[in-house]
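Worksheet: one structure, shown below.
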2 protein chains.
Amino acid sequence: MATGRTHRPATRSRGIPEATVARLPLYLRALTALSERSVPTVSSEELATAAGVNSAKLRKDFSYLGSYGTRGVGYDVEYLVYQISRELGLTQDWPVVIVGIGNLGAALANYGGFASRGFRVAALIDADPAMAGKPVAGIAVQHTDELEKIIDDNGVSIGVIATPAGAAQQVCDRLVAAGITSILNFAPTVLSVPDGVDVRKVDLSIELQILAFHEQRKAGEDSTGHEEGADAVPQPPVAPHRTAAGSPGADSSGRQGPDGDVPAVMPA
Amino acid sequence: MATGRTHRPATRSRGIPEATVARLPLYLRALTALSERSVPTVSSEELATAAGVNSAKLRKDFSYLGSYGTRGVGYDVEYLVYQISRELGLTQDWPVVIVGIGNLGAALANYGGFASRGFRVAALIDADPAMAGKPVAGIAVQHTDELEKIIDDNGVSIGVIATPAGAAQQVCDRLVAAGITSILNFAPTVLSVPDGVDVRKVDLSIELQILAFHEQRKAGEDSTGHEEGADAVPQPPVAPHRTAAGSPGADSSGRQGPDGDVPAVMPA
DNA sequence: ATGTCTTTGTGAACGCGTGCACAAAGATGG
DNA sequence: CCATCTTTGTGCACGCGTTCACAAAGACAT
């Protein structure tokens with residue numbers, strides 16, 4: 001999972017559960033594909049398979065939107081596409097600004113999936129003066145100084161942060177002050193925002209770490225269970241005793257983590 | 001949320017809940033920052049704030065790993081960094097291949113967050129013969145024909161798919177056949193994989209759609225509640241009657257969605 | 001019109017995740 | 001050695017999300 005809302009713990013937005021909202025785009029994509037193949041109707045079973053979910057879950061999800069199906073037949077594809085689009089707010093145009101036009105920001109600007117669903121890249125913003133004016137994905141990059149003006153002029157309410165981690169909070173604060181109320185954060189940092197502002201985050205590194213966890217478990221499930229080495233490598237806390245508060249790294253030599261696949265002992 | 005495992009419904013991997021595993025990288029990042037500042041110990045309250053979670057949740061998460069804290073003091077930063085790294089499998093080296101070196105693939109190859117946590121980009125693979133040999137992020141791109149050999153030679157078990165949606169399943173199948181057991185998928189498609197293979201997905205478009213939903217709700221929460229227009233725009237299903245099965249779009253003119261912010265009536 | 005068959009919509013049970021609140025553990029000071 | 005104070009670890013309850021299973025609804029055939 002590369003995401004997770006930060007505030008708004010489980011607000012059950014308008015009777016529609018958060019988990020359901022997160023799946024609606026999935027259904028919409030599957031339905032759009034069917035629509036392009038001119039399929040008139042689809043059963044919950046078929047659509048669920050296409051979206052990769054359980055059919056019961058799909059039916060319950062749709063039940064939050066209303067009774068849009070016909071028993072014995074299924075769902076009208078075109079009609080459902082419209083209803084979900086409307087529910088997600090995709091029947092209107094959403095101008096978006098991308099802040100931080102590095103490798104990732106440029107890739108996002110070029111990403112076709114944005115424009116295809118009502119999201120329009122209104123502006124690209126970068127702090128590097130050398131970037132200003134250079135066209136990326138057909139749009140001239142603008143300097144951070146213009147941030148507030150750009151957002152105000154275009155009525156932007158969604159911002160994408162693709163800056164380095166160090167700059168993210170600062171950029172976030174400016175976006176929020178300028179009126180942005182929804183943020184998609186690609187920087188590996190926890191952003192703090194006032195109530196009323198939604199933050200979703202995508203962290204590539206975290207996704208890989210979760211995969212590594214499962215991968216490790218798969219690899220070691222035939223062994224003793226887990227580690228078997230006996231030599232304690234990283235030193236147990238040995239009763240911290242609050243040693244002055246200094247002694248920086250203490251005995252752990254290199255900072256960049258005690259890597260190397262040294263086995264460790266379970267300390268209890 | 002840009003993610004979600006596909007198979008392995010809720011396997012509670014080795015006593016550690018999936019939700020906890022997903023948060024471990026978050027803790028690890030916060031702890032690494034503290035470690036760099038040579039902070040020796042940290043309380044659950046402080047660390048929770050830094051990671052953006054509840055302190056009770058953090059303590060419960062850590063309790064699954066073992067009793068690594070000292071009551072009255074807190075947690076030893078260095079020790080905890082090591083324990084979490086080990087639990088996540090980050091004490092070993094994970095070679096990764098990236099398939100699809102377009103804008104996104106190139107951005108991923110350049111992304112520093114990969115290398116910083118034990119993930120090493122072993123190879124970049126693309127189907128375009130013109131790309132072969134061209135260096136991206138200091139690594140020469142190789143052709144898809146070499147895929148199986150590359151994976152076998154380097155003992156790669158984690159693959160990243162950054163191809164267009166149309167090619168994703170095919171690439172996925174080849175990766176799995178070649179021995180890959182963990183996949184991070186950036187293509188907007190549902191991948192089907194055999195049991196034992198983990199898939200996590202990151203979908204930029206879906207994240208934006210979820211934000212749009214909440215944004216729309218915020219915008220319209222002072223109005224009548226929701227829509228108020230009376231003219232039904234998209235046509236209700238009017239009893240499908242299973243009309244032959246032809247009449248493709250029927251009356252809905254343009255395919256690419258009935259956009260424009262037409263208000264709609266709630267059909268019941 | 002009646003019966004059969006398909007598929008939806010949902011009531012109910014279950015399990016996971018979250019958060020509260022507190023007892024146990026250990027540090028610290030006298 | 002005892003008292004006090006801090007902070008962990010966790011039992012418990014609650015709520016959300018998932019899944020099952022089935023009744024109701026409508027299509028379709030005769």
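Chain identifiers are assigned alphabetically (A, B, ...) following the order of the sequence lines, protein sequences preceding nucleic acid strands; residue numbering begins at 1 within each chain. The structure presented is a predicted model; accordingly, all values stated were derived computationally and were not measured.
The shortest side-chain heavy-atom distance between A:L90 and B:Q209 falls under the 4.5 Å cut-off.
Contact annotation for B:F62: no contact, since no heavy-atom pair falls under 4.0 Å across all strands.
For the pair B:N54 CG and D:dT10 P, the interatomic distance rounds to 17 Å; values are reported in whole Å. Rounded to an integer number of Å, the gap from B:R59 CZ to C:dT18 C1' is 13 Å. Atom CG in B:L47 sits roughly 12 Å away from atom P in D:dG9 (whole-Å rounding). Rounded to an integer number of Å, the gap from A:Y68 OH to C:dG9 P is 11 Å. Atom pair B:Y64:OH and D:dT8:C1' shows a separation of 15 Å (rounding to whole Å applied). To the nearest angstrom, P of C:dC20 lies 12 Å from NZ of B:K60. Summarising the geometry, the separation between OH on B:Y79 and P on D:dT8 is reported as 16 Å, rounded to the nearest angstrom. The distance between atom CG of B:D76 and atom P of C:dG26, rounded to the nearest whole Å, is 16 Å.
Of the candidate nucleotides C:dT10, C:dT7, D:dA27, C:dT7 has the atom nearest to the side chain of A:S43. Distance from the side chain of A:Y75 is smallest to C:dT8 among C:dT8, D:dG9, C:dA27. Each of D:dT19, C:dT8, C:dA27 was ranked by its minimum atom distance to the side chain of B:T70; first place goes to C:dA27.
Between A:R23 and A:R71, the residue whose closest nucleotide on DNA chain D is further toward the 5' end is A:R23. Nearer to the 5' terminus of DNA chain D, by closest-nucleotide assignment, is the contact made by A:A19 (compared with the other of A:A56 and A:A19).
Looking at A:R117 and B:S205, their side chains never bring a donor and an acceptor atom within 3.5 Å of each other. Residues B:D61 and B:T20 bring a donor and an acceptor atom of their side chains to less than 3.5 Å of each other.
Panel note: side chain A:Q216, backbone B:R86; a donor-acceptor pair is recorded below 3.5 Å.
Checked options A:F62, A:Y82, A:Y79; the residue passing with A:Y68 is A:Y79 (criterion: ring pair (Phe, Tyr, Trp, His ring centres under 6.0 Å)).
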